[in-house]
Amino acid sequence: MLKLAVEGMEGSQDNSVAFILKMVAFAAILISSVCGVAIPLVGKKHRFLGTDSNLFFTAKAFAAGVILATGFVHMLPGSTKKLTDPSLPKYLTNFPFSGFIAMMAALGTLVVDFVGTQYYERKEEKQNQKDRSDAEESGAIHIVGIHAHAAQHGHSHSQEQGDVREHSHAQAQAHGHWHSHSHSFGGGDEEGGVRHVVVSQVLELGIVSHSIIIGISLGVSESASTIRPLIIALSFHQFFEGFALGGCISQAQFNSLKSTIMAIFFAITTPLGIAIGVGASSSYDPHSPRALLVEGILNSVSSGILVYMALVDLIAADFLSKRMSCNTRLQVASYFALFFGAGLMSLIAIWA
């Protein structure tokens with residue numbers, strides 16, 4: 001009986017330490033997430049951290065490596081482990097569902113990427129056409145007004161010269177009005193604002209879907225020895241994922257309100273997952289078949305989304321650009337940052 005009492009006291013003490021560590025993790029991950037996503041958004045006003053600087057380009061390559069490793073090394077193996085657990089029915093464990101779901105999620109992301117880009121391009125074109133039409137009407141009204149004013153005051157200018165000047169003025173006014181709006185959506189970015197709009201939204205979807213899972217997993221854990229290394233690992237993880245997302249949001253040229261909402265939504269997701277996990281820790285069984293299936297499927301979906309986004313919309317888009325091909329120093333720095341980010345994030349899998 002004395003032995004049981006001692007074990008009970010030790011278990012209670014371990015639970016209290018675990019709870020304190022969860023609160024530390026909540027604060028640390030929230031701060032690192034906010035800092036990561038805020039740096040590109042705030043830094044775009046400064047030359048050395050702007051979205052067109054070499055430093056930003058290199059840091060984004062590092063963040064892309066982190067996201068790629070998250071998909072391949074953290075999410076996919078974790079999903080495989082959960083979806084092949086012996087407690088699940090054999091018809092589920094006999095098929096590699098983790099890889100299949102990840103593949104379908106990557107293909108689904110391709111479809112969303114394509115459809116989203118087409119939608120925003122059509123929306124932008126309609127806006128440009130409307131702007132041109134409004135500008136032409138404004139120019140025509142302006143010309144009629146000039147004619148009326150000239151007739152009323154008996155101007156003796158030749159009609160031909162007046163028409164030329166008025167037509168040139170109307171064209172310049174229409175062009176200026178249309179040009180001012182044609183870049184308002186994309187911000188004039190050489191890679192296209194439309195692509196950055198879609199990329200930022202799909203990337204946030206992929207990051208958020210697994211951030212909530214890792215938050216819940218940490219929140220339900222009652223082992224202090226498990227939580228300690230997770231605090232550092234997940235803080236690092238969230239910082240660089242936030243940096244990659246913040247860079248995409250910055251390049252998309254959203255207005256301040258939308259940028260802030262997207263940044264806040266990312267920053268609070270993992271802490272929210274921790275809070276949910278803490279609240280559900282007494283009744284949540286992470287080893288139940290239902291929990292294994294839900295976590296395994298979500299991890300697979302997240303893996304597919306993140307791998308696609310990292311390879312296609314972050315790495316390929318930057319590394320195959322003209323800017324990269326024309327700058328050898330930037331190539332070397334970016335490749336080093338990419339492999340270093342992927343390797344470092346993979347190493348963290350030892351603890352996370």
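Here, residue 1 is the first one in the sequence, and each next residue gets the next number.
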Query raised in the report: Does F62 reach the side chain of L344, with side-chain heavy atoms less than 4.5 Å apart?
Result: yes

Report task. Answer yes or no: is there a side-chain heavy-atom contact under 4.5 Å between F19 and E222? Result -> no

Query raised in the report: With a 4.5 Å heavy-atom cut-off, do N128 and E124 have their side chains touching?
Result: yes

Query raised in the report: Taking all non-hydrogen atoms of both residues, which atom of A233 and which atom of I348 are closest, and how far apart?
Result: CB-CG2, 3.2 Å

Query raised in the report: Taking atom types as modelled, is there a side-chain donor on Q118 or K123 under 3.5 Å from an acceptor on the other?
Result: no

Query - OG-CE distance between S200 and M262, expressed to the nearest 0.5 angstrom - result: 4.0 Å

Query raised in the report: Looking just at side-chain N and O atoms, do S32 and Q238 make a donor-acceptor pair shorter than 3.5 Å?
Result: no

Report task. Mind running side-chain hydrogen bond (donor to acceptor under 3.5 Å, both in side chains) on S98 and S79 for me, showing each step along the way? Result -> CA-CA 6 Å; S98 58; S79 171; 4.6 Å; no

Query raised in the report: Does the side-chain hydrogen bond (donor to acceptor under 3.5 Å, both in side chains) test come out yes or no for T269 and S211, once each step is laid out?
Result: CA-CA 6 Å; T269 303; S211 293; 5.9 Å; no

Requested in this report: Taking the side chain as every heavy atom from C-beta outward, state whether T109 and V202 have any pair of such atoms under 4.5 Å apart.
Outcome: yes

Query raised in the report: Do other residues, nucleotides or ligands put more than 12 heavy atoms under 6.0 Å from the CD1 atom of I232?
Result: no

Requested in this report: Using a 4.5 Å cut-off on heavy atoms from C-beta on, say whether the side chain of H196 contacts that of C248.
Outcome: no

Query raised in the report: More than 12 foreign heavy atoms under 6.0 Å from CZ of F100: is that the case here?
Result: no

**Report entry** Smallest separation among heavy atoms of T80 and T84, with atom names
**Finding:** O-OG1, 2.5 Å

Query raised in the report: With a 4.5 Å heavy-atom cut-off, do M345 and F240 have their side chains touching?
Result: no

Query raised in the report: Ring centroid separation for F319 and Y335, is it under 6.0 angstrom?
Result: yes

Query raised in the report: Among the clusters formed by ILVMFWY side chains lying less than 4.5 Å apart, do V197 and V312 turn up in the same one?
Result: yes

Requested in this report: Could you check I305, L298, V301, T70 and say which one makes a side-chain contact (heavy atoms from CB on, under 4.5 Å) with H210?
Outcome: T70

Requested in this report: Would you check if R228 and V17 make a side-chain contact, meaning some heavy-atom pair closer than 4.5 Å?
Outcome: yes

**Report entry** Transitive ILVMFWY side-chain link F56 to F340, under 4.5 Å
**Finding:** yes

**Report entry** SB check R132 E125 (cutoff 4.0 Å)
**Finding:** yes

Query - Distance-only polar pair, side chains of S223 and S225, donor-acceptor under 3.5 Å - result: yes

Query - Rounded distance [0.5 Å steps], CG in L83 versus CG in L292 - result: 8.0 Å

Requested in this report: For Y308 and D113, test the side chains for any donor-to-acceptor distance below 3.5 angstrom and give the result as yes or no.
Outcome: yes

**Report entry** Euclidean distance, I297 CD1 relative to S302 OG, rounded to 0.5 Å
**Finding:** 11.5 Å

Report task. Would you mind reporting whether S259 and N255 have side-chain heavy atoms less than 4.5 Å apart? Result -> no

